[in-house]
Amino acid sequence: MQQAPARGPSAPPEPGPEPPNGRLVSWLGALGPIAVGYAVFQALVGLLPEALYGDTARYSLALVSGIGTGLCAWLAGALVRARASGGAAGTTDGVPPQRAPRDGARGEGPGPLPGLSAATYEMLAERVTVVDDPLRGHLRGWPHALDEHAQPVRPTPTGTAYGLHIALELGVPDGRLRASELVETLWRLRLPDGGWAARSQGAVPRPEVTALVLGALARAGADPQRLAAEAEQCADRFRRELEPSGLELTHVVTTVLRGLLRAAPGSDALPRLRETLVDGAVTDPGRQHRRCWGARLAPLGGRPVAPSPVHTAQAVVALDRAARVLGEDANARATRQDGIRWLLTCPGLTHDGCADLENSQETVRRPHPVDAARHEVLAVRHFSAAWVMRALLTPGARETAVEEGLDAAWQEMLAGAAASVWRQQEDGIWTWDGDDLAHPLWMTYQGLSVLRAHAVWMYQPGD
């Protein structure tokens with residue numbers, strides 16, 4: 001399996017040495033309480049009158065007062081030490097430490113994200129594939145995964161859409177990748193009757209793939225009229241009489257909702273899709289009866305829908321974006337906020353690698369478009385830590401956490417998710433363990449984009 005050359009860091013830099021202030025605080029924290037307590041004891045022994053119930057009572061009162069004062073001094077020192085160590089070695093809440101300028105410079109140099117971004121772009125530029133197809137013309141893009149062995153490797157709608165997203169995320173710093181060529185390739189990969197499908201889905205357009213491509217095209221500035229026509233066709237096909245299976249799946253509905261919000265923010269289908277998503281929430285008695293989401297928006301065969309962190313995160317992201325475009329009624333707002341509260345009540349003792357952040361997989365089954373006796377089966381993998389992180393970084397999540405006193409839980413969960421996302425990459429490429437196609441482009445896009453969003457949130461002027 002070909003690996004990209006090492007160009008970026010695979011782990012955050014080690015914290016620098018503890019500053020002198022930290023050493024002084026540690027020394028005072030160890031000796032100060034003893035000295036303070038002894039001084040109080042000696043002072044009281046000299047000040048208290050000898051007639052105060054005898055020497056035993058006088059010495060006992062002085063001893064208790066000295067111990068109490070020393071304990072208070074120790075607790076105050078512990079608080080100061082904790083704050084000092086957080087500023088020196090990085091806090092656990094995801095907020096970058098404040099650093100004073102040294103030698104006229106601001107900060108101590110860049111963090112690891114610039115190197116990671118550069119490595120990702122080099123990988124993207126080196127692995128772009130070019131094919132001259134006799135029917136579709138000149139194609140320039142990427143397959144689904146970076147480690148595909150079949151030759152020739154042909155661009156796919158999914159791989160090229162995520163590659164375009166990555167290029168736009170990084171700002172296309174040079175001419176090796178041109179957004180216009182990638183946009184044209186996606187239009188050429190369009191099916192004859194409109195829409196797009198995954199490579200394994202054949203020649204029938206699927207709403208989640210079509211919405212993904214439309215979202216990438218809209219972000220790249222494609223022709224709005226052409227986008228609107230495709231978006232309307234996608235919305236018309238995504239109805240219960242035509243897509244009953246897709247409308248029952250959280251992953252499909254949220255993907256279509258996000259794509260149409262980008263490509264056609266005035267679409268009449270958006271309120272309907274949001275209502276479907278809100279109505280599909282379930283109540284979890286294991287987490288204070290908060291509303292959340294599972295893989296399905298409707299029970300199958302009488303079986304209850306199991307709550308799912310990644311699907312709850314996907315729903316929160318879609319509903320937050322819909323609220324920015326469409327506004328929000330009380331029911332939609334309450335349901336979205338409950339999803340945020342549910343994510344913040346993760347029972348894990350630590351969140352770096354807790355169960356809520358474990359990657360997951362689901363199977364999307366649809367009747368085969370040609371043979372009714374068969375099913376179209378599509379395996380969908382979910383980068384859970386990236387999705388939870390994305391949900392917590394929505395404006396609505398931050399507002400809910402602050403308003404309800406959940407800021408500490410929000411920061412702790414966000415820091416754990418960020419650590420989990422970072423750990424799953426090496427040299428700017430994210431890896432899905434335990435699969436033949438271990439380097440899917442969608443995973444690199446999700447990991448890179450959410451870390452960059454997190455960096456923007458952490459930025460403080462003067463750092």
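What you see below is based on every heavy atom in this structure, not just the backbone, and it leaves out hydrogens, waters and symmetry mates.
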Is a side-chain N or O of [X] found less than 3.5 angstrom from the main chain of [Y], in a donor-acceptor match?
X      : Y      : value
Thr345 : Trp342 : yes
Arg178 : Ser180 : no
Asp356 : Cys346 : no
Ser420 : Gly416 : no
Thr160 : Trp142 : yes
Thr312 : Trp293 : yes
Thr444 : Leu441 : no
Asp320 : Gly396 : yes
Arg140 : Glu181 : no
Ser384 : Glu358 : yes

| task | Return the orientation label for the Tyr162 and Tyr445 ring planes: parallel under 30°, perpendicular over 60°, tilted otherwise. | result |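 Rings of Tyr162 and Tyr445: tilted, as their planes differ by 30° to 60°.
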
| said: Do Arg291 and Thr283 pair up side chain to side chain, a donor and an acceptor below 3.5 Å, judged on atom types alone? | reply: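 Judged by distance alone, the side chains do not pair up.
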
| task | For His138 and Glu184, test the side chains for any donor-to-acceptor distance below 3.5 angstrom and give the result as yes or no. | result |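 Short answer, no.
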
| said: Can you confirm if the NZ or CZ of Arg226 lies within 45° of the ring axis of Trp187 and under 6.0 Å from the centre of its six-membered ring? | reply: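 Relative to the ring axis of Trp187, which defines the angle, Arg226 lies inside both limits.
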
| Looking at Trp196, is Arg206 sitting on its ring face, NZ or CZ under 6.0 Å from the six-membered ring centre and within 45 degrees of the normal? |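 Judged by the rule, Arg206 and Trp196 form no cation-pi pair.
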
| message | According to ring-ring contact (aromatic ring centres under 6.0 Å, His included), does anything in residues 215-252 pair up with another residue at least two apart or in another chain? List the pairs. | response |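 ring-ring contact (aromatic ring centres under 6.0 Å, His included) check on residues 215-252 returns His251-His382.
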
| query | How far does CD of Glu230 sit from CG of Leu217, to the nearest 0.5 angstrom? | reply |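 Here the rounded value is 9.0 Å.
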
| query | Rounded to the nearest 0.5 Å, what separation is found between the CG atom of Leu257 and the OG atom of Ser267? | reply |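 OG of Ser267 is found 10.0 Å from CG of Leu257.
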
| So, for Trp457 and Trp410, is the gap between ring centers shorter than 6.0 Å? |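 Yes.
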
